[in-house]
Student: 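Got a structure here, written out as structure tokens. Questions coming.
Chain letters run A, B, ... following the sequence lines, proteins first and then strands; every chain starts at 1.
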Amino acid sequence: MGLAKRIIPCLDVDNGRVVKGVKFLDIRDAGDPVEIAKRYNDQGADEITFLDITATHENRDTTANTVEKIAEQVFIPLTVGGGIRTVHDIRRMLNAGADKVSINSAAIANPDFVREAAEHFGSQCIVVAIDLKRVSADNEAPRWEIFTHGGRRATGIDAVEFAIQMVANGAGELLLTSMDRDGTKSGFDLAATRAISDAVPVPVIASGGVGNLDHLVAGVKEGGADAVLAASIFHFGQFTVPQAKRYMAEHGIEVRL
Amino acid sequence: MSSVAVIDYGMGNLHSVASALRKIDPAARVTITSDAAEILAADRVIFPGVGAIRDCMAEILRLGIDRVVRDVIASRKPLLAICVGMQALMQFSEENDGVECLSILPGRVNFFGDALQDEHGAKLKVPHMGWNQVQQTTAHPLWQNIAQDSRFYFVHSYYVQCEQSELIAATAQYGVDINAALARDNLFAVQFHPEKSSDAGLQLLTNFLHWNGRTS
């Protein structure tokens, strides 16, 4: 027995409300982020990720306030992402009670920002979020690229190479989201997860596409993920965190029960 | 009513420690401070730490926190060191090409290495990040009401190896044997983060708030 694989419920927060359906037009309201975070904490979630999907300048105060309220009640690690572009943004979220910040667009625009962030705050609190899509044809060797703007814009950057570079720059953890899977409930991109997990020394979180508990199991067993992140299956009561953990345990995965 | 000083030397998120203490005991007076007089006036003291050891040690020495920590230990007040706070108490850390630490406890802080494996030969990721089982190796007031092998939240790339095995209060396994907790008189040091370890962590902090600093 040793380190447990983590289950991380994710709160996508838009203007102070948890929503799901980021890439769909019918964004569903799932409720108040503080209440939801507390519920997952009570259910035994291993961490909570909070993604500010509005991430506008005016919205920063709301986000910091919400993070502060969550941190007063939830005593498990809390990661905050969305609009983290400067050292000041990071300090603000850590001061509000976040344990880690997730850097996305800013890492692509300026890879040295990740180095600066890790030097300032330590790698342990710097997560780089990588949004990727498979760009190779089915009969070719698999290749994935980094995408931005909710998966609409290709960057031409190879996802595995980018992951290696981000870790060299000081990222302590990677959050991989398959943009062609997100919201589809068809499961993680297991090949991409495995390729990146094998290529880097740091923990990897699989995300994007979870529709059932077998997907979580596959993320760990086939994808080699150290943690699995999901949103909708928990928000709308399809499964609870303990159900997910028991299912993973039944399939031979070490979890914190 | 009890007062707790959380030593602030500019490294890391001290609010989570403070808010966990306030949650446990709303009447507790919790101060986050680098002021020696304020720290020494508190009933009990927490020495946290997050980040790279060189920066931590530089700030500890610049602010005179090294002397304060020694004074707290000499005063017999309960002192809880967390994560890099624990590592700073050792003699030497391999991090940042080697950094001399406070030499309050005997032993070193070593890197997990790039070729860390579990007992089945599978690659282990570094940092050691997540919930691992903690084996209590000695009876101690801080373990009260915490089940053997309870999981606590760890996040670190360097681990403590104490030279005096009788000081080890808990171990954890991650490719190597980690000193998860060390205890000596009024000092208790943990590698994991009790403030982020849910019920088990809150119980340990509760025990700390009730601890008189004696081991029996």
Side-chain angles (χ1 to χ4, degrees), chain A residues 1-8 41-48 67-78 91 93-101 118-127 167 170-174 197-198 200-205 224-227 254-257, chain B residues 11-20 22-24 49-56 83-84 95 112-116 118-120 122-133 135 149-157 172-175 178 193-202 205:
Chain A
M1 297 296 269
L3 189 67
K5 300 295 179 187
R6 290 168 280 154
I7 294 192
I8 309 177
N41 175 64
D42 295 345
Q43 286 185 5
D46 297 313
E47 286 185 35
I48 288 172
V67 168
E68 212 162 287
K69 282 191 199 128
I70 293 175
E72 278 166 13
Q73 303 199 32
V74 166
F75 298 99
I76 57 176
L78 177 63
R91 180 167 294 122
M93 289 309 155
L94 296 180
N95 282 340
D99 298 285
K100 310 183 219 179
V101 291
E119 278 170 8
H120 256 86
F121 304 102
S123 292
Q124 81 291 333
C125 69
I126 305 300
V127 183
V167 173
E173 190 172 38
L174 300 176
S197 184
D198 283 350
V200 298
V202 303
V204 162
I205 306 166
D226 301 281
E254 188 164 352
V255 291
R256 178 177 72 105
L257 289 169
Chain B
M11 302 301 289
N13 174 6
L14 307 175
H15 298 278
S16 53
V17 181
S19 63
R22 290 188 186 112
K23 160 98 175 175
I24 293 163
V50 168
I53 192 75
R54 170 171 297 151
D55 295 347
C56 284
C83 195
V84 178
E95 193 175 4
F112 276 117
D114 294 320
L116 197 66
D118 70 8
E119 67 273 27
H120 310 295
K123 173 176 106 169
L124 291 174
K125 300 297 186 74
V126 176
H128 172 220
M129 185 187 285
W131 299 79
N132 205 339
Q133 289 178 303
Q135 292 89 42
D149 296 333
S150 289
R151 288 184 187 275
F152 288 85
Y153 188 80
F154 289 81
V155 50
H156 60 128
S157 299
Q173 270 65 51
Y174 194 63
I178 300 165
H193 287 273
E195 77 282 11
K196 288 290 156 186
S197 294
S198 195
D199 295 345
L202 294 180
L205 292 173

Student: Under 4.5 Å, counting heavy-atom pairs only, tell me which of A:S197, A:G224, A:A71 racks up the most with chain B.
Tutor: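 Most heavy-atom pairs within the cutoff with chain B belong to A:S197.
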Student: Please determine whether the number of non-hydrogen atoms from other residues, nucleotides or ligands lying under 6.0 Å from atom CG of B:D118 exceeds 12.
Tutor: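 Count over threshold, so yes.
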Student: As an exercise: rank A:P77, A:A227, A:G97 by heavy-atom pairs under 4.5 Å with chain B and give me the winner.
Tutor: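 Option with the top pair count is A:P77.
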Student: Identify the heavy atoms of B:N132 and A:L3 that sit nearest to each other, and give their distance.
Tutor: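 Closest heavy-atom pair between B:N132 and A:L3: OD1-N, 3.5 Å.
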Student: State, yes or no, whether a side-chain contact exists between A:D226 and B:M129 at a heavy-atom distance under 4.5 Å.
Tutor: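 Side chain of A:D226 against side chain of B:M129, heavy atoms only: no contact under 4.5 Å found.
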Student: Please classify the contact between A:V204 and chain B as side chain, backbone, both or neither, with a heavy-atom cut-off of under 4.5 Å.
Tutor: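 Answer is both: backbone and side chain atoms of A:V204 are under 4.5 Å from chain B.
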Student: Would you check if B:S198 and A:I76 make a side-chain contact, meaning some heavy-atom pair closer than 4.5 Å?
Tutor: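 The answer is yes, as the side chains (C-beta and beyond) meet within the 4.5 Å cut-off.
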Student: Look at A:Q73, A:K100, A:K5 and state which one has the largest set of heavy-atom pairs under 4.5 Å with chain B.
Tutor: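 Winner by heavy-atom pair count: A:K100.
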Student: Which of the residues B:L124, B:V126, B:V155 is involved in the greatest number of heavy-atom pairs with chain A at under 4.5 angstrom?
Tutor: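 The option with the most such pairs is B:V126.
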Student: As an exercise, state the distance from CG of B:D199 to CG of A:N41, rounded to the nearest 0.5 Å.
Tutor: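 B:D199 CG to A:N41 CG: 8.0 Å, rounded to 0.5 Å.
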Student: Between chain B and each of A:R6, A:E119, A:E47, count heavy-atom pairs under 4.5 Å; write down the option with the most.
Tutor: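 Option with the top pair count is A:R6.
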Student: Below 4.5 Å from any heavy atom of chain A, which atoms of B:D114 appear? Answer side chain, backbone, both or neither.
Tutor: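 The answer is neither part of B:D114.
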Student: Look at B:A52, B:A20, B:S16 and state which one has the largest set of heavy-atom pairs under 4.5 Å with chain A.
Tutor: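 Heavy-atom pair counts peak at B:A20.
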Student: Do B:S19 and A:F75 touch side chain to side chain, with heavy atoms closer than 4.5 Å?
Tutor: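 Side-chain contact under 4.5 Å: yes.
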Student: For the residue pair A:D198 and B:K123, what are the closest heavy atoms and their distance?
Tutor: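 Heavy-atom minimum between the residues: O-NZ, 3.3 Å.
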Student: Heavy-atom pairs under 4.5 Å with chain B - which of A:D99, A:L94, A:V200 has more of them than the others?
Tutor: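 Of A:D99, A:L94, A:V200, A:D99 has the most heavy-atom pairs under 4.5 Å with chain B.
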Student: Can you tell which part of A:A96 gets under 4.5 Å to a heavy atom of chain B, answering side chain, backbone, both or neither?
Tutor: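 Interface part for A:A96: neither.
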Student: Between B:H193 and chain A, with a heavy-atom cut-off of 4.5 Å, which part of the residue counts as in contact: side chain, backbone, both or neither?
Tutor: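 No part of it gets close to chain A.
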Student: Can you confirm whether A:P203 sits close enough to B:K125 that some side-chain heavy atom of one is under 4.5 Å from a side-chain heavy atom of the other?
Tutor: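 They are in side-chain contact.
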Student: Any idea which of A:C125, A:G122, A:A4 has the most non-hydrogen atom pairs under 4.5 angstrom with chain B?
Tutor: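 The option with the most such pairs is A:A4.
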